[in-house]
2 protein chains.
Amino acid sequence: MGNRDGAVTPPSAEDGGTPRAATIRDVAARAGVSVATVSRALSGQYPVANATRARVQRAVRDLDYVVNAHARALTGSKSKTIAVLLSDIASPFYSRIAHGVEQQASAEKRLMMVCATHGDPEREVGLVEMLREQSVDAVVLVGGIVDTPEYRERMARLARLLDTAGSRLVLCGRPSPGEDLPVTVVEYENSGGAFAAASYLMDKGHRDILFLGGVGPDTTTQDRLDGFRRALASRDLSADEPGRILTGGNSRQFGYDTIRARLLREELDFTAILAWDDLVAAGAMTALREAGVDVPGRVSILGYNDEQIAQDLVPPLTSVSIPHTELGRSAVRLALHREDPAVASSQHITLGTHIVVRGSVREAARR
Amino acid sequence: MGNRDGAVTPPSAEDGGTPRAATIRDVAARAGVSVATVSRALSGQYPVANATRARVQRAVRDLDYVVNAHARALTGSKSKTIAVLLSDIASPFYSRIAHGVEQQASAEKRLMMVCATHGDPEREVGLVEMLREQSVDAVVLVGGIVDTPEYRERMARLARLLDTAGSRLVLCGRPSPGEDLPVTVVEYENSGGAFAAASYLMDKGHRDILFLGGVGPDTTTQDRLDGFRRALASRDLSADEPGRILTGGNSRQFGYDTIRARLLREELDFTAILAWDDLVAAGAMTALREAGVDVPGRVSILGYNDEQIAQDLVPPLTSVSIPHTELGRSAVRLALHREDPAVASSQHITLGTHIVVRGSVREAARR
DNA sequence: AAACGGATAGCAACCGTATTCTGTCCGAGT
DNA sequence: ACTCGGACAGAATACGGTTGCTATCCGTTT
């Protein structure tokens, strides 16, 4: 009776076709125990004699066995996976949030799926459908949207569907769709951030401030505009004078084009810019430089997001920092521990932002 | 009798606990057909009467049924998922590759998992183990490594293990571990790119060129150094004069510190820099600016990777562009269609790079 | 000495789908 | 009228694990 030694034998008896991966049955056979015993020896949740456990472990190593996650998920109905849906993984904003999700997921022994929606709500719904099939632990939807009744209904529906599938819907950086829904919401201070940013500029003596970038009905834009308006109003200024709020895009090109056109058309009738993000700011700075306008001597500029690029612009860009990583981490943490009394009550949180001071803002010149 | 209309009834008969998600059985019961018929009506691979199909589809909609991906994977042994392992999802280099992977995965109706290794080979192996449990379609390992016999053995082992699990190992941006292994390799021209870059600088009259950044034994560094050496040698210059090759780091800070120290310690004894990547270049440019050295008037600088940041530096950075997205796409495409005769023979490809000309390189000043 | 109970291990019943194998019905061909 | 084959639907089984229940062995307790 051979095979007393540890020689590795192929899992399949017959040698005809392609070798299959080893199953729990192969392990059981090799260790000379039942399938149930193998399962228990590996799970560690059930008493198994040390000698038996050793034999099983030996067989596992010999056969390079790993459990079949699908078979396991089938009985347990948990798949140890977190999914993130974002508009574009290559964007620094989203990839940093994904980074946070990954950190926490990894810490909680979960894998992470990443799906790109390209900003298309229909595709988003379609992807959630696919993820529902996966019985993922949580689905994190990232990024601003247009807040309409239709949006709220859509999210409410997804929340309920995911809930009955045992998954948790997490909205990250977008508003809550309503009360009493099985949903986790992790936001960051857009209104407050813009308020602080505008106040900071006004503290430096600026009165003629441009709000540059953003797309109209999007909640993120609306919230920031709200903060901007409140800040100006608190100093008895109006944000709604013509030509002060320049939304309509959020790309580098938009920042460049808009400021360039403004400089060609008008007097230099502003002393500061609050930009949608650092990229828009970069575009604006390029246009200003080309026009010979000194930054920050003549015009101060404040970015948003505090991206990598901020410190390499000339001058280095002062920017509103968003806790990207913490957003991602919180999303996962709150979703997974939603039963835990410590966090059960905080299924809707709002993280703060802060200004990182560099060199692109200076006291306004006297009028 | 009963329920002739389309009234929605809960999937579970008893109403006690939390509602479960609908299963194929629920659908079958509601449509008044067998489970097998539902499966077939939905797969479309088998003749089903139109009336029956309609009833099934109706039931599916009423119950918000989606198949259980795990159950399906269990019979089919395919999970419709691609996994990417990279060092850090927040880095632009990796996130752009992930972007390409996502594009192709999405086009092939696959989901994408993203795992972060933080550059730790052990963690990489551990993650592959987890992914083997998932019977993923392909596992894409991204990023340079140290090419040792031990590395090759490790990869060979993973390749075989994944192969018997029906998955494909893809190495992206790292060398092939050897012949006759079930592995797909997608590289990009490091040696060639550095050769072209150095040649471009020399075409502009530069003779004293610094190679700035990279970590010693890493294959990517070695390949680029090789290209750099070959280029210089082709013009009868030696790359190995002291102080010409400055490796030891690949961060912005490294670029800044190294150039700053050099300028403090030595004469300005170079006219051009070939940087490891755009970030290192940005750091170097900051150090040069602080020292009052004009770029590109006095020193030209060439970046690598052509990241977003390149166009916003002052001056805009000329850089070697790597086909990040195409790397990711090819990785997935080749892995999934490896049986297809059209690509079966090209399981090891090398994509080219090119120089994107902006404003950071100028003719060298006459000596 | 008999009964008891803790420590282990095996049997078998699921988990939700896909698929093979049968079986029925019905129209068409002879 | 009878047979034959195609179209369709159902029963049964396989996929790879997990887990409740049962069975055995043996040292203890009364």
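The sequence lines fix the lettering, A, B, ..., with proteins before strands; numbering per chain opens at 1.
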Rounding to a whole Å, what distance do you find between [X]:[atom1] and [N]:[atom2]?
X	N	atom1	atom2	result
A/R20	D/dG16	CZ	P	7 Å
B/I24	C/dC14	CD1	P	19 Å
B/H70	D/dT18	NE2	P	14 Å
B/R25	C/dG16	CZ	P	6 Å
B/K78	C/dT17	NZ	C1'	16 Å
A/Y65	D/dG17	OH	C1'	7 Å
A/D26	D/dG17	CG	C1'	13 Å
B/R55	D/dC8	CZ	C1'	13 Å

Between [X] and [Y], is any side-chain donor less than 3.5 angstrom from a side-chain acceptor?
X	Y	result
A/E108	A/H337	yes
A/R55	A/T52	no
A/S106	B/R123	yes
A/Q104	A/R333	no
A/D88	A/H118	no

Nucleotides 5-12 of chain C: protein proximity per nucleotide (B base, S sugar-phosphate only, - neither; heavy atom, under 4.0 Å): ---BBBB-
Axis deviation across the helix from C/dA1-D/dT30 to C/dT30-D/dA1, five-pair ends, to the nearest 10°: 50°
B/R20 and B/D26 ion-paired at < 4.0 Å: yes
Salt-bridge contact A/R157-A/E153 (side-chain N to carboxylate O under 4.0 Å): no
Sugar-phosphate only, base, or nothing, as touched by A/V27 at under 4.0 Å among non-hydrogen atoms: nothing
Under 4.0 angstrom between A/T75 side-chain N/O and D/dG17 OP1 or OP2: no
Donor-acceptor pair under 3.5 Å, B/R72 side chain vs C/dG16 base: no
B/A156 to B/P177 - nearest heavy-atom pair and separation: N-CB, 4.5 Å
Upstream residue (5' side of DNA chain C) when B/L74 and B/S43 are each assigned their closest nucleotide: B/L74
For B/D163, all residues meeting side chain to side chain donor-acceptor pair (under 3.5 Å), sequence neighbours excluded: none
